[in-house]
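Along the sequence shown, residues are numbered consecutively beginning with 1. Remember, it's a predicted structure, so these values are computed and weren't measured experimentally.
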Amino acid sequence: MVEMPFGVPGWKWKVGRFGYIMENEPSYEEIKAKAKALLEKATKGPAWHCRCGTVHVPLLVDGEIVGELWEDVEPRELEVGAYWHGKWGTKVQLVKDGRVVGLLWLA
């Protein structure tokens with residue numbers, strides 16, 4: 001394994017068999033294309049409200065939840081915002097009129 005200095009753009013840490021390893025991270029254009037493809041197939045599930053009054057609208061693709069909206073907007077009208085990698089995949093901000101209105105989860 002080639003050792004890269006900490007914080008090199010395009011690389012991220014991943015847990016490997018013997019500790020942490022670095023792995024190449026996809027570009028924003030790849031993330032954006034995957035997110036747009038999911039949004040084209042997504043439908044809205046039944047909305048629900050939590051105790052604090054926040055609206056939650058699940059985004060469904062083939063019966064699986066792939067994201068969540070906090071406002072009642074159409075998935076095809078959304079833009080792809082910032083993204084970040086986490087332990088369980090990539091999370092992408094969904095933007096409408098300059099405001100973040102939900103998240104999309106990419107595996």
Side-chain angles (χ1 to χ4, degrees):
M1 179 174 85
V2 175
E3 290 197 29
M4 300 294 293
F6 181 74
V8 173
W11 292 85
K12 67 175 184 171
W13 290 103
K14 182 178 179 180
V15 177
R17 184 173 175 190
F18 299 107
Y20 288 94
I21 60 172
M22 294 184 73
E23 174 181 281
N24 200 1
E25 189 175 292
S27 72
Y28 177 69
E29 294 305 319
E30 291 176 64
I31 298 289
K32 189 174 180 179
K34 287 180 184 178
K36 279 294 190 184
L38 267 182
L39 286 173
E40 287 297 318
K41 297 187 288 186
T43 58
K44 295 188 296 186
W48 60 279
H49 294 43
C50 69
R51 292 188 308 187
C52 65
T54 307
V55 176
H56 297 270
V57 181
L59 287 175
L60 306 171
V61 172
D62 299 328
E64 279 190 46
I65 297 175
V66 296
E68 180 177 69
L69 298 173
W70 305 309
E71 294 182 13
D72 192 15
V73 295
E74 286 302 314
R76 286 155 196 81
E77 297 174 359
L78 298 170
E79 298 175 29
V80 176
Y83 72 95
W84 64 96
H85 296 286
K87 190 174 184 178
W88 293 281
T90 303
K91 293 183 181 181
V92 180
Q93 290 179 343
L94 300 174
V95 179
K96 172 79 175 181
D97 299 327
R99 293 177 300 114
V100 177
V101 296
L103 288 176
L104 188 65
W105 303 299
L106 302 176

**Request:** Kindly work out whether a path of hydrophobic side-chain contacts (I/L/V/M/F/W/Y, heavy atoms less than 4.5 Å apart) joins Val100 to Tyr28.
**Result:** no
**Complete:** Here the pair of heavy atoms bringing Gly81 nearest to Val95 is CA-CG2, 3.9 Å
**Prompt:** Is atom NZ of Lys91 surrounded by more than 12 heavy atoms (other residues, nucleotides or ligands) closer than 6.0 Å?
**Reply:** no
**Message:** When you group the ILVMFWY residues by side-chain heavy-atom contacts below 4.5 Å and let the links chain together, are Leu103 and Val92 in the same group?
**Reply:** no
**Request:** Please check if Val55 and Leu78 belong to a single hydrophobic cluster, counting links between Ile, Leu, Val, Met, Phe, Trp and Tyr side chain heavy atoms closer than 4.5 Å.
**Result:** yes
**Complete:** Taken to the nearest 0.5 Å, the spacing of Glu30 CD from Thr90 OG1 works out to 10.5 Å
**Prompt:** Which atoms form the tightest heavy-atom contact between Lys41 and Arg76, and what is the distance?
**Reply:** C-NH2, 4.4 Å
**Prompt:** Which pair of non-hydrogen atoms, one from Leu60 and one from Gly45, has the smallest distance, and what is that distance?
**Reply:** CD1-CA, 3.7 Å
**Over all atoms of both residues, closest heavy-atom pair of Glu79 and Lys36** = CA-NZ, 4.1 Å
**Asked** Quick one: are Leu39 and Leu94 in side-chain contact, heavy atoms under 4.5 Å?
**Response** yes
**Item:** Note, Thr54 side chain near His49 side chain (heavy atom, < 4.5 Å)
**Value:** no
**Prompt:** Considering all heavy atoms of both residues, which atom of Val61 and which atom of Ala42 are nearest to each other, and what is their separation?
**Reply:** CG2-CA, 3.8 Å
**Prompt:** Below 4.5 Å, heavy atoms only, C-beta onward: do Glu68 and Trp105 meet side chain to side chain?
**Reply:** yes
**Request:** Could you please spell out the steps behind the side chain to side chain contact (heavy atoms under 4.5 Å, CB included) verdict for Tyr83 and Gln93?
**Result:** CA-CA 6 Å; Tyr83 72 95; Gln93 290 179 343; over 6 Å; no
**Asked** Atom CG in Leu69, atom CG in Leu104: separation rounded to 0.5 Å?
**Response** 9.0 Å
**Request:** State plainly whether the residues Lys44 and Asp72 are in salt-bridge range, i.e. N to O under 4.0 Å.
**Result:** yes
**Message:** So Val73 and Val57, do their side chains get closer than 4.5 Å, heavy atoms only?
**Reply:** no
